[in-house]
Amino acid sequence: MPYRLLKFAFKKDYPEPRMFRAPAQLKNEYDVVIIGGGGHGLAAAYYLAKNHGITNVAVLEKGYLGGGGTGRNTAIIRSNYLTPDGVRFYQRSVDLFQDLSRELDFNLFYTERGHFTLAHSPASLNTMRWRAEVNKHLNVDSELVDAKFVKRKLPEIDLECGGHQAPVMGALYHPPGAIARHDAVAWAYARGADQYGAEIHQQTEVTDIDTEDGKVVGVNTSKGYVKTRKVLSAVAGWTTQTTRMVGLRTPLVIHPLQAMVTEPLKPWLDHIVVSASLHLYVSQSSRGELVTGASLDPAELISMRSSLDFAESLSTHLIDLFPAVGRVNVLRQWAGLCDMTPDFSPIMGKTPIDGFFIDAGWGTWGFKATPVSGETMASTVATNQQHELIQPFVLDRFRKFQLVGEKGAAAVGH
Ligand code: PYC
């Protein structure tokens, strides 16, 4: 390996084929400009081409591909939501994910693990029962299980949580819950979109969106002006910057979310485990690391700094649940930005500005929606009609008080 590294370090030409082209310049005009080279933006470019034949598309990314929420989440995929609208939407994503490695011809390390959401109180058992019933009604495999079942599947768990929290009383068990390699998802969609002809421009920042008479006519970028009649904003934690460019008001607020991984261990944790009472979720990656996170940082902030407080409290809770990891070293920690909505559902689709489309409000739940958001946003942009699966997630719902309340299922401890 070092020899190979050295050899290629001194070569002028990059020896391996690149995943996608790196065009030197922007064209003067595109049919669609997608702001944000994360999974959602790249998936939208891919489905615009594949499903709608629209290939004169530029994905503009101010940093590097997958450097935002896509590469900073804990890679959990599931559809055990609380509302029928949420369950249908995320189930379509699970369906797409299950075949995605084959479709994109790239190993995404998609592995079904089974997902436990632990209940430590009668009230949370009730919410789990409610979720299980909604899930089953929509053919999503999900059931309420007791503490004995949890212990059988997770022999290393301390159901008493070290006596520091209320004991585990049961759980919502969702066998199709999965994990995947999140950066690979972005690269695979990038390659797929590129093969159809879409252009991907990294290090290219959109500085303004040009409108005339309420219609999009172009974008200013750090590499010059381009004309376009359609702009899709898919920038997660930076959404308030793009909406400001077109004068659009949303209820989004930004909070950091931190995460952490341990050193790699031999495989021992087959499942994904979530506990709202302990503010904790954990799974073991294919590389053996424990990938773990907590709830949002409490204050609104645009910052990706990690904190010692977070590492200490997350480690404490992890040891409460799995005492055997007490001596495991932490490898690294990081943070990402979450654009939170009042109802914990996304904001997707058309906006009052003609030609400006939004894919936002991804809070702590965006990675799992990558395929379905790409598919439904591509359809909405191509046809100018809101795709039926994202009809409930229109921005206008906040004005009409038609919220899609997912707080009980979106993540942990908010
Ligand atoms: O939505 O499954 C989820 C999730 C896990 C961690 C943060 N959000």
Side-chain angles (χ1 to χ4, degrees), residues 38-40 68-83 85-87 89-94 97 110-119 124 127-128 131 135 140-142 171-182 185 236-237 254-261 269 271-285 289-298 310 313-314 317-318 321 333-341 343-346 361-373 393 404-414:
H40 286 217
T70 299
R72 293 167 188 274
N73 64 79
T74 45
I76 295 171
I77 298 158
R78 62 184 173 91
S79 59
N80 57 352
Y81 274 73
L82 185 61
T83 69
D85 295 329
V87 175
F89 174 75
Y90 291 104
Q91 182 54 39
R92 174 67 187 153
S93 218
V94 170
F97 255 125
Y110 182 87
T111 48
E112 278 187 9
R113 297 295 185 88
H115 182 283
F116 282 99
T117 315
L118 305 178
S124 80
T127 310
M128 303 307 159
R131 279 170 69 181
N135 293 176
V140 167
D141 190 0
S142 199
L172 180 68
Y173 178 49
H174 177 49
I179 53 173
R181 200 176 145 204
H182 45 194
V185 173
I254 316 298
H255 287 253
L257 179 69
Q258 302 196 44
M260 188 173 97
V261 291
L269 181 62
H271 297 84
I272 303 157
V273 184
V274 180
S275 164
S277 300
L278 291 167
H279 304 279
L280 170 79
Y281 36 89
V282 59
S283 66
Q284 189 169 21
S285 76
E289 299 151 345
L290 296 180
V291 181
T292 181
S295 39
L296 296 170
D297 283 8
F310 163 83
S313 89
L314 184 59
H317 288 151
L318 189 57
L321 206 55
Q333 62 178 118
W334 67 92
L337 295 179
C338 297
D339 49 348
M340 302 298 297
T341 55
D343 59 359
F344 289 63
S345 285
W362 288 110
T364 65
W365 46 86
F367 172 67
K368 71 174 77 62
T370 305
V372 70
S373 69
F393 305 135
V404 188
E406 282 293 3
K407 191 167 180 178
V412 292
H414 305 306

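Everything numeric in this text was worked out from a predicted model, so none of it was measured. Every number for a ligand or one of its atoms is a count from 1 in the order of the listing.
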is_close_aromatic(Phe97, Phe367), centroid dist under 6.0 Å | yes

Looking at Phe116, does the NZ or CZ of Arg113 lie under 6.0 angstrom from its six-membered ring centre and within 45 degrees of the ring axis?
-> no

Using a strict 4.0 Å cut-off to heavy atoms of Arg78, name the atoms of ligand 1 that fall inside it.
->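 Those of ligand 1 that fall under 4.0 Å from Arg78 are 1 (O), 2 (O), 3 (C).
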
Please work out whether any backbone atom (N, CA, C, O) or any side-chain heavy atom from C-beta onward of Thr74 is under 4.0 Å from ligand 1, and answer side chain, backbone, both or neither.
->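 Under 4.0 Å from ligand 1, Thr74 contributes side-chain atoms alone.
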
Any Gly293 heavy atom less than 4.0 Å from ligand 1 = no

Should Lys368 be listed as contacting ligand 1, given a heavy-atom distance under 4.0 Å as the test?
->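 Under 4.0 Å: yes for Lys368.
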
Hey, does Ala410 come in under 3.5 Å of ligand 1, counting only N/O atoms on both sides?
-> yes

Nitrogen or oxygen of Thr364 less than 3.5 angstrom from that of ligand 1 |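 Right, the criterion is met.
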
Counting only N and O atoms by type, is there a donor-acceptor contact under 3.5 Å from the side chain of Asp343 to the main-chain atoms of Lys407?
-> no

Is any side-chain heavy atom of Leu321 closer than 4.5 Å to a side-chain heavy atom of Leu118?
->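 Of all side-chain heavy-atom pairs linking Leu118 with Leu321, at least one is under 4.5 Å.
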
For the residue pair Val261 and Trp334, establish whether any side-chain heavy-atom pair is separated by less than 4.5 Å.
->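 Result yes, sub-4.5 Å side-chain heavy-atom pair found.
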
